[in-house]
There are 2 protein chains.
Amino acid sequence: MATIQDVAKKAGLSRTTVSRVINEHPYVTEEKKRLVTQAMQELNYVPNSSARRLRRQQTETIAVYVPRITNPFFSHLVEVMEKEAAKKGYQLILCQTRYKKEQERNFLELLKTKQVDGLILTSIENDWSEFEPYLSFGPIVVCNEYSDSAQVPSVYLNQIEGSYLGTKHLIDQGYTKIGYCTGNHKSSRVSKDRKIGFLQALDEAGIMMKEEWFFYNAYSVQDGFAAFKKLSELDDKPQAVFTGSDEVAAGIAKAAFDAGWRVPEDLAIIGFDNQPLAALMDLTTVEQPIDTIAKQAMNLMVEAIQAKKPLSRKEVILPFQLIKRSST
Amino acid sequence: MATIQDVAKKAGLSRTTVSRVINEHPYVTEEKKRLVTQAMQELNYVPNSSARRLRRQQTETIAVYVPRITNPFFSHLVEVMEKEAAKKGYQLILCQTRYKKEQERNFLELLKTKQVDGLILTSIENDWSEFEPYLSFGPIVVCNEYSDSAQVPSVYLNQIEGSYLGTKHLIDQGYTKIGYCTGNHKSSRVSKDRKIGFLQALDEAGIMMKEEWFFYNAYSVQDGFAAFKKLSELDDKPQAVFTGSDEVAAGIAKAAFDAGWRVPEDLAIIGFDNQPLAALMDLTTVEQPIDTIAKQAMNLMVEAIQAKKPLSRKEVILPFQLIKRSST
DNA sequence: CGAATTCATGAAATCGTTTTCATAATCAGA
DNA sequence: TCTGATTATGAAAACGATTTCATGAATTCG
C-alpha cells in the first residue's frame with residue numbers, strides 16, 4: 001500500500017503539498033497539482049481513512065438504530081436515510097436493537113469510541129436518561145419516536161392525530177363497537193399516544209369501549225392471526241378493529257377471510273403505515289410520510305455534525321393521511 | 001476527552017501498561033491492573049477507535065451490498081448478518097446499489113480506503129473483472145449470487161434446482177401450459193439459472209413453451225399487476241405461472257382475484273422465497289434458507305479477516321424446499 | 001550458586017494523515 | 001523602490017492508540 005509519503009517522494013514534493021491537492025486546498029500551482037495527481041495514479045494511491053479519521057476527529061459515518069430491519073416500516077426508513085446520507089458523503093452503520101434495552105445501550109459505545117459522528121434513533125427502548133450522557137460525544141437525532149425530556153431534535157408525527165384520524169374514519173362509517181389491536185402500550189410514547197387519540201375519537205362520539213376489545217403485543221402477521229382468534233371467541237364481538245400496523249391488519253384480515261367472515265361487512269379493519277402489503281390486501285390505512293421523516297432526520301443530523309455544535313430541542317411534526325380502501 | 005496518556009498519568013504508569021490492561025495482554029500484576037481500571041473509570045475513558053484502527057490496520061467493520069434494503073429477501077439477509085456480525089464484534093455498513101453498476105463500483109472505495117475489512121456481495125451488477133483488482137485490499141465473499149470467474153468463496157443455492165423444483169411441482173399438478181414471470185434474464189446468473197431449470201423441467205415432461213408466455217422485468221407487486229394484465233389479454237392463456245418472487249406472485253394473485261379469476265382453478269401461481277407475504281396470500285412457493293446463507297457467508301468473512309490471508313474459490317451450495325399452499 | 005528463563009514495566013517508534021508554523025517568492029499599492 | 005499582503009511550499013507537530021525493544025527483577029533449572 002502506497003502512502004502519502006510515497007506519493008510525495010515520487011512527485012518530488014512534500015507530504016503537505018500532496019495533502020493539499022487531495023483536499024483541494026488553495027495555493028498549489030497547476031504544475032505541482034499535475035505532478036501529484038500523476039504520482040497518485042501511478043502508485044494507485046488512496047488516502048487511508050483511519051489515519052484521516054484520527055487526524056480529522058470525524059468519521060463520516062452515522063449509526064442508525066432500528067428494532068429490526070425486516071420490519072418494512074424501518075427498512076423503508078433506512079432505505080431513504082442511506083440514500084440521503086450517501087448523497088452527502090456519509091455512510092450508515094446499521095444497529096438492530098431487537099426491542100431490547102441492553103442491545104440498545106450496547107450500541108451507544110459506537111458514539112463514545114468515536115466510531116460514528118452521530119446517532120439517529122428510530123425507536124427508543126430505554127429511558128432518555130440513558131442517552132443523555134452520550135450527548136457530549138456527538139449529536140443524537142430522534143426520528144419517529146419522541147420523548148418529552150429529550151433535549152435534541154425530534155422528527156415525528158403526532159400519533160394522537162394519526163390514530164384519531166383512523167378511528168374517526170371508522171366511526172364515520174357507522175361502526176360503534178371498535179376493537180384496538182396494537183403493540184406494547186406502556187413503554188413507547190408512540191403507542192401511548194396512539195391509544196390517547198383512539199380513546200379521544202371514541203369519547204367525542206360518545207362511544208363506549210370494552211376492556212376485552214383491547215388486544216396488545218401485536219406486531220406481526222402471526223400476531224394478527226392470534227388476535228383474530230381471541231376476537232372471534234368473544235360473546236360480544238367488535239364490528240371494526242383499529243390496528244397499529246398493516247401487518248397486524250393483514251393478519252386479522254386473512255384469518256377472518258379463512259374463517260368465512262366478510263370484510264368489512266362482518267369485520268372492518270384499518271391498518272397503519274400504508275405499506276405495499278396494504279394495497280395488496282385492500283386495507284384502509286393511515287399513511288405515515290416515511291420518506292419525509294427520513295430525509296428530515298438525516299438532514300438535521302448532517303447539519304449538526306457539520307455545525308459541530310450541540311443540537312437543541314426542536315420538533316418537526318409531519319401530517320398523516322388516510323388511505324381509504326375496501327376493508328372499511 | 002481523556003486519552004490513554006491521561007489514564008497512564010493518573011495511574012502513575014506508562015501508556016504501555018494501560019494498553020496492556022485494555023487489550024488483556026499478559027504480564028501485568030493484579031495490583032497495577034486495578035490501578036489502571038480505576039483510573040479509566042474515574043476519567044470515563046474509552047479508547048479512541050480511529051487511533052486503534054490506524055495502528056492495528058483493521059476496522060472491525062464489514063460492508064454488505066444489497067440492491068435495496070426494502071426488498072424483504074435482502075432485509076432478511078441483512079438482519080441475520082448483522083446479528084451474526086455483532087456477535088463476533090463486527091459492525092455492518094449498509095450499501096444499497098439500487099441495481100446500478102456505477103453505484104456498486106462507488107462503494108468499492110470503502111474497501112480500498114480501508115474503511116472496512118471486507119465486502120459481502122448479495123447481488124452483482126458489474127462484471128467480476130470490476131471486483132477482481134480490489135481483492136488485494138481485503139476479502140470479498142459472494143452470497144446468493146455467483147460468478148464462474150470469481151476466485152472467492154460463494155454461498156448460494158443452485159437456482160437451476162430451485163426453479164426446477166417449482167416447475168416440476170406445477171407439472172405434477174397437471175398443468176401443461178405454464179407461464180414464466182421473473183426479473184431480468186440476461187445479466188444476473190441467478191436469473192439465467194432459474195430459466196435453465198424451468199426449461200429443463202418442461203423439457204423432461206415434453207411440454208411446449210410459447211414465446212408469449214415469458215414475462216420479464218417483474219420485481220414488485222406492481223409488476224405482478226402488469227404481468228397479469230398482459231397475460232389475461234392473450235388468446236391462448238397459460239393455466240399456471242412460475243414467478244421469481246413472492247411479491248410478483250402476490251401481485252398476479254391479487255390482480256387475478258380482482259378480475260374475478262379463481263386461483264388455482266383459472267390460474268395457478270407459484271412464488272419464490274417464502275416470505276411472510278406468501279403465507280398471507282396462501283401462495284405455494286420455493287423456500288430459500290435465508291438464515292443459513294447469511295450465517296455461512298458472514299462466518300466465512302470473519303474467518304477470512306481473522307486469518308488475514310486471501311480467500312480462495314469455494315462453493316457452499318444449500319438446498320431449496322417447496323412450500324405447498326393453495327395457489328397451486 | 002550461576003545461568004537461563006520468565007515476568008513486569010517503560011521509552012520510543014509506528015500507523016498515515018492533516019494542520020500549524022515558518023519561510024521564501026511573488027505581487028500590488030503608494 | 002519599498003512595504004505589506006498574498007501565494008506557494010515544506011518541516012515538524014499532532015491525532016491516540018499499539019507494538020517493538022530494552023532492561024531489570026524474579027524465578028527456574030542444572
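Throughout, protein chains are lettered first and strands after them, A, B, ... in sequence-line order, and every chain is numbered starting at 1.
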Side-chain heavy atoms of Ile120(A) within contact of Met298(A), under 4.5 Å: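 Yes, at least one pair of side-chain atoms sits under 4.5 Å.
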Ring geometry between Tyr146(B) and Tyr156(B) (parallel below 30°, tilted from 30 to 60°, perpendicular above 60°):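 Geometry flag for Tyr146(B) against Tyr156(B): tilted rings.
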Nearest-angstrom distance from the residue atom CZ of Arg53(A) to C1' of dC15(C):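 My rounded result for the distance is 15 Å.
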Nearest-Å distance for atom pair CD/C1', residues Gln58(A) and dT17(C):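 Atom-to-atom, Gln58(A) to dT17(C), this comes out as 13 Å.
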Closest contact, heavy atoms only, Phe131(A) versus Ile140(A):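 Here Phe131(A) and Ile140(A) meet closest at O-CD1, 4.3 Å.
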Contact pattern, 5' to 3', of nucleotides 17-29 of chain D - B, S or - by protein heavy atom under 4.0 Å: BBBB---------
Salt-bridge criterion met for [X] and [Y] (N-O under 4.0 Å):
X         : Y         : result
Lys100(B) : Glu125(B) : no
Glu30(A)  : Lys33(A)  : yes
Glu84(A)  : Lys87(A)  : yes
Arg189(A) : Asp148(A) : yes

Protein-nucleotides 4-8 of chain D N/O pairs closer than 3.5 Å?
unit_1	atom_1	unit_2	atom_2	d
dT7(D)	OP2	Tyr27(A)	OH	2.8

Return all side-chain donor-acceptor pairs below 3.5 angstrom for residues 11-20 of chain B, not counting sequence neighbours, or 'none' if the list is empty.
unit_1	atom_1	unit_2	atom_2	d
Ser14(B)	OG	Thr16(B)	N	3.4
Ser14(B)	OG	Thr17(B)	N	3.3
Ser14(B)	OG	Thr17(B)	OG1	3.3
Ser19(B)	OG	Asn23(B)	ND2	3.4

Gln57(A) vs dG16(D): side-chain N/O to OP1/OP2 distance below 4.0 Å: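 Indeed, a polar side-chain atom of Gln57(A) lies that close.
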Thr17(B) side-chain proximity, nearest of dG10(C), dT9(D), dG16(C):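 Closest of the options to the side chain of Thr17(B): dG10(C).
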